[in-house]
Each structure stands twice: as structure tokens, then as C-alpha cells.
Amino acid sequence: MPNTIEILPSSHSPSLSKKQSLLPNYEAAERQFVDLLEVEDLDKMVATKPLLVSDFESAIADAIQSAYQQEPGDEAAHRFLQRVLYRINRLNLFWYDDLRRYNNERSQYLRSVRDRIEEPWQEWEIAQIDVASLQKLPSVKQALHDRAAADVDPPLNQSDRYMREQMTAAGYRHLLAIASFDGLVEASRLSRILGGAGNEIQCTLTRVLLEEYGGGRLPRKHSTFFAQMLAEFDMSTEPEAYFDLVPWQVLCGINHNFLLTERKRHFLRYNGGLTYFEVAGPVAYRNYLAAAQRLGLSQAAMGYWELHIKEDERHGRWMLDEVAIPLVDRYPQEAWELVLGYDQEKLIGDRAAAAVVRSIQATEHN
């Protein structure tokens, strides 16, 4: 457990040039935040020694302005905010590590940091969607059917062809490293919405989760297949081992799902988003599988993709026919939120996919 908190260099330090003093040190601020997470009784420390978090607070304020209040948003600011947000959100899951790491899971200070980031970030995200048109959809059911039909087998785009035809073995390893960040905790966030009154919708969602978890058998759990792919390349199979490689755009998708699953008012948006994810998932997995086959990789190095293609095609049909459409009937006035969730998941997912391709290409060119 850390005994000291890193104090960031003051922006008024005479040792810093005027230009340097105007640039926030996001890496140092994040290191300080990591130390704060494990402080004994964080809320008490913040209340009695507020100066210990003043530089971190300044970095948060600067990053929010740089990421969400100017165009184009600063990449470093986006990355810092999403990494901080993820470090808070991950406390909603259990990682089978040192129990003391959860001392501050109910911290009011952490909640305030999360809320201050989420509010402007979500405003920034929602501004990219024409919400007014979604609220006036003549038929939500038809909108969902049309979207699913278009997304289940779309034409290959430039990124798809790059994955299939050009990505190198080094690029494939980089893809696995980034994808492992989510793949090794398969479907964990879905578990956060399963409680409550029993009904057919809840049961279908539970079936999806059970299949993702291999029917309760670790050798059949999807994350086990992902770990086998990593092991084939002598890569780390520890969750979050490649955190530093994950683009902020990917973290946005993860943090967005944490938000939707932790707030039951967003139940419709989450299920709309999950419908898109399950419908469109096999498209990406077929690209990855084609790349692995072209590279002549072993079955163990691609088995996760084959499993997901088969099961997610089924999950996509379940989500549309047995979850999304029945929810339209159950909540006719708010049903448009299902389409909002679907469209947001697609937008955030497309942005993340493009960032992953750029990251892979940068690795291959180094």
C-alpha cells in the first residue's frame, strides 16, 4: 500500500519555463490518482488535506475543457479522462486481487470525480446523435429491424480489407493485446443488469451471459479461449496487462457500458447497444479470423474468433427478437431509447475500431 502521494510540480515553480507551466502533466496526475485509490479512508484524507489533490483536480478541469469544449479535442486529455474514469468504474467488478484495493469503492470523492467526467463526456457523446429524430420514429420496431439487417453483413470497408489482407503477425499480436483488455473479462458488465423481477427478457439475457461464461465451466468460458490465443504467442494472460496500449476510444466504449449498466434508468439504451454489439460482432471476428488464417496461425491462435462468430450470430437474433422487440411493447413511450443505445454503440464502436487499426499500423511501421 502506498505511504506517500506524489506531489505534482507546481505550475508556479520557477524551475519550469512559462510554456511548460501551461501544459498539464497528465501522466503524473494519473500516477497520483493511482496512489489516491489505495489511501486508507480517502474521503477523510481529501477533507483534511485538500492540497494533496489540488494538482490532480487542476488536471481534471483542464482535460475536460481540452477534450470536450474545443474542437478538435486534445488526444492526451481524452486519454487521461477515460483512464481515470475506467480506474473508478472497474471497482464495480471483482478482480480476485488484494482486498484492500476495494477500501474506497464507495468513496464520495471517487464518485464526484466520476460524475464530473461523465457529465461533459456524455453531453459530448450525445451531441453527435440526432436525438430529436429518434424520438419521432414512426416505428421503433422497424427501425431496429432495418438497422440489424444492414449491420449483420455489411460490405467490407477499407479497415476490414486491411485486417484481412495486409495486417502482419506483429499487427495481429498488437490486436490481441488491445482486445484482451475486454476479452479476458468476457461479458462481465452484462451481469450488472440481470437482477430484479423475473420475465422472458431477463431470462434471455441470462442465457446470453451463461453462454459467454461457458455454462459455468471455466474451460468453456469465452475468456479462456481468449487466454489460449494469448498463450500461443507467449503473451500475458493477466487481465489489464496491456492497459497502456488501449486507445482512449476503446476505453470510451467500456466506460459507456459501465455507465449504462450501473444506472437502471438506462436499461433500454444498454439493451439497444447490446443488440448492436451482438448483431455486428461477428463481422469484426470474421475479419480477425481471415487474417489469422492468411498468416497460417494455429487453431489455438484463432479459436476465440470462431467460437464468437457461431455464438454471437445466435445472440444477435436473441437480442433483437427476444429482448429489444419485447422491450418496445413493454415501454412504448421510451422505446426510442433502444435505438439511441443501438446507434450510440455503433458510433462509439466504429470510432474505437478505427483507432485500433491506426494503433496496429503505427506498431507495424515502427
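Two rings, from Trp318 and His315, have their centers less than 6.0 Å apart. Ring pair Phe277/Tyr342: centre-to-centre distance not below 6.0 Å.
Salt-bridge formation is detected for the pair Arg83/Asp244: a Lys NZ or Arg NE/NH1/NH2 atom is positioned less than 4.0 Å from an Asp or Glu carboxylate oxygen. Of the charged side-chain nitrogens involved, none lies within less than 4.0 Å of a carboxylate oxygen, so that Glu40 and Arg100 do not count as a salt-bridged pair. Under 4.0 Å is where a charged nitrogen must lie from a carboxylate oxygen, and between Glu278 and Arg317 no such pair does. Glu345 has no carboxylate O lying under 4.0 Å from a charged side-chain N of Arg269, or vice versa, which leaves the two without a salt bridge. Salt bridge Arg265/Glu337: present, at least one basic N to carboxylate O contact under 4.0 Å.
Cation-pi check for Lys346 over Tyr276 is not met; the charged atom does not lie both under 6.0 angstrom from the ring centroid and within 45 degrees of its normal. Because its NZ or CZ atom is both nearer than 6.0 Å to the ring centre of Phe258 and within 45° of the ring axis, Arg189 counts as a cation-pi partner of that residue. At least one test fails for Arg101 against the ring of Trp95: distance under 6.0 Å to the centre or angle within 45° of the axis.
A side-chain donor-acceptor contact under 3.5 Å links Ser112 and Arg116. One side chain, Glu306 or Gln299, offers a donor N or O that lies under 3.5 Å from an acceptor on the other. Side chain to side chain, His222 and Glu211 fail the donor-acceptor criterion of an N or O pair below 3.5 Å. Side-chain N/O atoms of Glu186 and Ser223 include no donor and acceptor closer than 3.5 Å. Between the side chains of His256 and Glu125, no donor N or O sits under 3.5 Å from an acceptor N or O. With 3.5 Å as the limit, one finds no donor-acceptor pair spanning the side chains of Tyr102 and Glu38. Counted by atom type alone, Tyr213 and Ser188 present one or more donor-acceptor pairs between their side chains at under 3.5 Å. For the residue pair Tyr162/Asn287, the side-chain donor-acceptor check at 3.5 Å is not satisfied.
In this structure, the side chain of Asp74 does not engage the main chain of Ala67 through any donor-acceptor pair within 3.5 Å. In this structure a side-chain-to-backbone donor-acceptor pair under 3.5 Å is present from Asn255 to Gln82. A donor-acceptor pair is defined here as one N or O able to donate and one able to accept, closer than 3.5 Å; such a pair exists between the side chain of Asn199 and the backbone of Ala197. At least one donor-acceptor pair closer than 3.5 Å links the side chain of Arg192 to the backbone N or O of Asn92. Under a 3.5 Å cut-off, the side chain of Gln202 and the backbone N or O of Gly196 do form a donor-acceptor pair. Between the side chain of Asn271 and the backbone N or O of Ala324 there is no donor-acceptor pair closer than 3.5 Å. With hydrogens and angles disregarded, a donor-acceptor distance shorter than 3.5 Å links the side chain of Thr261 to the backbone of Asn257. No side-chain donor-acceptor contact under 3.5 Å links Asp62 to the backbone of Ser58. Between the side chain of Asp160 and the backbone N or O of Asn157, at least one donor-acceptor pair lies under 3.5 Å.
Looking only at side-chain heavy atoms (C-beta outward), Phe80 and Glu30 come within less than 4.5 Å of each other.
Taking hydrophobic clusters as Ile, Leu, Val, Met, Phe, Trp and Tyr residues chained together by side-chain heavy-atom distances below 4.5 Å, Ile348 does not share a cluster with Leu190. The cluster map of Ile, Leu, Val, Met, Phe, Trp and Tyr, joined by side-chain heavy atoms under 4.5 Å apart, puts Val283 and Met319 in different clusters. Note on Tyr288 and Met235: same hydrophobic cluster, where clusters join Ile, Leu, Val, Met, Phe, Trp and Tyr whose side-chain heavy atoms are under 4.5 Å apart, directly or indirectly. One hydrophobic cluster holds both Phe243 and Leu176 under the rule that ILVMFWY side chains link at heavy-atom gaps under 4.5 Å. Both Val250 and Leu93 sit in one connected hydrophobic cluster of ILVMFWY residues. Membership requires side-chain heavy atoms under 4.5 Å apart, directly or through other members.
To the nearest 0.5 angstrom, Leu230 atom CG is 14.0 Å from Phe225 atom CZ.
Relative ring orientation between Tyr304 and Tyr285 is described as perpendicular, the plane-to-plane angle rising above 60° on a 0-90° scale split at 30° and 60°. Ring geometry for Tyr68 versus Trp124: interplanar angle of 30 to 60°, hence tilted.
Scanning for side chain to side chain donor-acceptor pair (under 3.5 Å) contacts around Arg294 gives an empty result, with sequence neighbours left out. With sequence neighbours excluded, the residues forming a side chain to side chain donor-acceptor pair (under 3.5 Å) with Glu313 are Arg286, listed by chain and number. Under the rule for a side chain to side chain donor-acceptor pair (under 3.5 Å), the partners of Tyr109 that lie at least two apart in sequence or sit in another chain are Glu57.
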